[in-house]
Amino acid sequence: MSLFNKILASVGIGAATVDTKLHRSSYTAGEVVSGVIEIKGGNTEQQIDTIYLTLSTNYIKEMNDTKYNETAVIKKIKVNEAFTIRANELHNIPFSFVLPADVPVTMGQTRVWIHTGLDIKSAVDPTDQDYIEVKPTPLASNILQSVEQLGFRLRKVDCEAASARLRRNYLFVQEFEFIPTNQAYRRHLDELEIIFLAQSDNYAEILMQVDRKARGLSSLLSEALDMDESFVRLTIEAGDNVKAKLQQAIERYM
């Protein structure tokens, strides 16, 4: 019977199961994520080599005019060393890790999740997946709110594959696309895009794409060639007058 149970466990029948229980489901970028991994033994004793947590997100990659949904690993954490779980045994393993300050926020189409995997030799590895809400850091939130206060509305947020010059820690960047709502900006601009290149609690390096409205034949030609777009790189610190700094940078390229 024991041998039969082991054979069944090797193909996932009557094997150990895993359930990750987070203490919270909502976090601000840079906070500590904590919880408990609950492992329940199956019908037979099993050797668990590794338990790992993988923090992931989704992004869009375009190739040959076709868009694909891809998954990017943001962080991978090894939780424990190898151990044996007996039949029907309940084993709880607490964990904690710091959510990176530059993790994408869960706005628009962006999703962030924690995947728990058990590495069991010669068996189907049991897994668990938990989605979390990620809110921007206070400084990032200040930047996004300041753009809206200046007279823009957030239209779209998504993660897209990063070009070679924008690639930092990840294969993607998160883009925040705004459209002007007040008359002053609507006369001159079509849209404004913001990308966070790097950030922490105390500073944020952003790239702004200021898309000017086409006027006249030369402007139409510029728009066709994407020459109507200006890229502005800014470093904003926690003590800055964020709204004034953004306004100055935007109006310089109107």
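Position 1 is the first residue of the sequence, and the numbers go up from there. Small disclaimer: the values here were computed from a predicted structure and weren't measured.
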task: Using the side chain to side chain contact (heavy atoms under 4.5 Å, CB included) rule, pick out the option among V98, I74, T137, T110 that qualifies with V103.
output: I74

Indicate the atoms forming the closest heavy-atom contact of [X] with [Y], along with that distance.
X: P180; Y: R186; value: O-CG, 3.4 Å
X: A198; Y: Y203; value: CB-OH, 3.8 Å
X: V112; Y: P104; value: CG2-O, 3.7 Å
X: E38; Y: N92; value: CG-OD1, 3.3 Å
X: A244; Y: N241; value: N-OD1, 3.2 Å
X: A101; Y: S200; value: CB-CA, 3.9 Å

Can you tell me if [X] uses its side chain to pair, donor with acceptor, with the backbone of [Y] under 3.5 Å?
X: Q46; Y: A16; result: yes
X: T28; Y: K135; result: no
X: K156; Y: E175; result: no

- prompt: Does the side-chain contact (heavy atoms from CB on, under 4.5 Å) test come out yes or no for I236 and L246, once each step is laid out?
  reply: CA-CA 9 Å; I236 298 175; L246 290 169; 3.9 Å; yes

In the structure I gave you, are the side-chain heavy atoms of [X] and [Y] within less than 4.5 Å of one another anywhere?
X: E62; Y: I60; value: no
X: D211; Y: E193; value: no
X: H23; Y: V36; value: yes
X: T57; Y: F172; value: yes
X: I195; Y: L197; value: yes
X: E31; Y: R24; value: yes
X: D102; Y: F196; value: no
X: V105; Y: F176; value: yes

Hey, quick one: are [X] and [Y] part of the same hydrophobic cluster, counting side-chain heavy atoms closer than 4.5 Å, chains of contacts allowed?
X: V33; Y: V79; value: yes
X: L189; Y: I179; value: no
X: W113; Y: I51; value: no
X: L22; Y: L118; value: yes
X: M107; Y: M208; value: yes

Please list every donor-acceptor pair under 3.5 Å in which a side-chain atom of residues 138-146 meets a protein atom from a residue at least two apart or in another chain.
unit_1, atom_1, unit_2, atom_2, d
S141, OG, Q145, NE2, 3.1
N142, OD1, S146, OG, 3.2
S146, OG, N142, O, 2.7

- prompt: Could you walk me through whether L55 and I132 pass the side-chain contact (heavy atoms from CB on, under 4.5 Å) check?
  reply: CA-CA 10 Å; L55 182 70; I132 62 173; 4.3 Å; yes

Separation between [atom1] of [X] and [atom2] of [Y], rounded to the nearest 0.5 Å:
X: E237; Y: E205; atom1: CD; atom2: CD; answer: 11.5 Å
X: K21; Y: D130; atom1: NZ; atom2: CG; answer: 11.0 Å
X: I250; Y: Q248; atom1: CD1; atom2: CD; answer: 11.0 Å
X: I206; Y: K245; atom1: CD1; atom2: NZ; answer: 9.0 Å
X: T50; Y: N80; atom1: OG1; atom2: CG; answer: 7.0 Å
X: Q47; Y: T84; atom1: CD; atom2: OG1; answer: 4.0 Å

message: Using the rule given for side-chain hydrogen bond (donor to acceptor under 3.5 Å, both in side chains), can you reason through E251 versus Y185, listing the C-alpha separation, both sets of side-chain angles and the distance that settles it, and then say yes or no?
response: CA-CA 9 Å; E251 295 182 356; Y185 288 135; 3.1 Å; yes

Counting only heavy atoms not in [X] (residues, nucleotides, ligands), do more than 12 fall under 6.0 Å from its [atom1]?
X: E148; atom1: CD; result: yes
X: R155; atom1: CZ; result: yes
X: Q149; atom1: CD; result: yes
X: K61; atom1: NZ; result: no

message: Test of understanding: with side chain to side chain donor-acceptor pair (under 3.5 Å), list the residues that count as partners of T20, not counting sequence neighbours.
response: T116

Partners meeting side chain to side chain donor-acceptor pair (under 3.5 Å) with N58 (sequence neighbours left out): none

task: Take F95 and L53 through the test side-chain contact (heavy atoms from CB on, under 4.5 Å) and record every step on the way to the result.
output: CA-CA 9 Å; F95 69 88; L53 299 172; 3.4 Å; yes

- request: Begin from the C-alpha positions of L150 and F178 and carry the test side-chain contact (heavy atoms from CB on, under 4.5 Å) through to its verdict.
  value: CA-CA 11 Å; L150 285 171; F178 295 86; over 6 Å; no

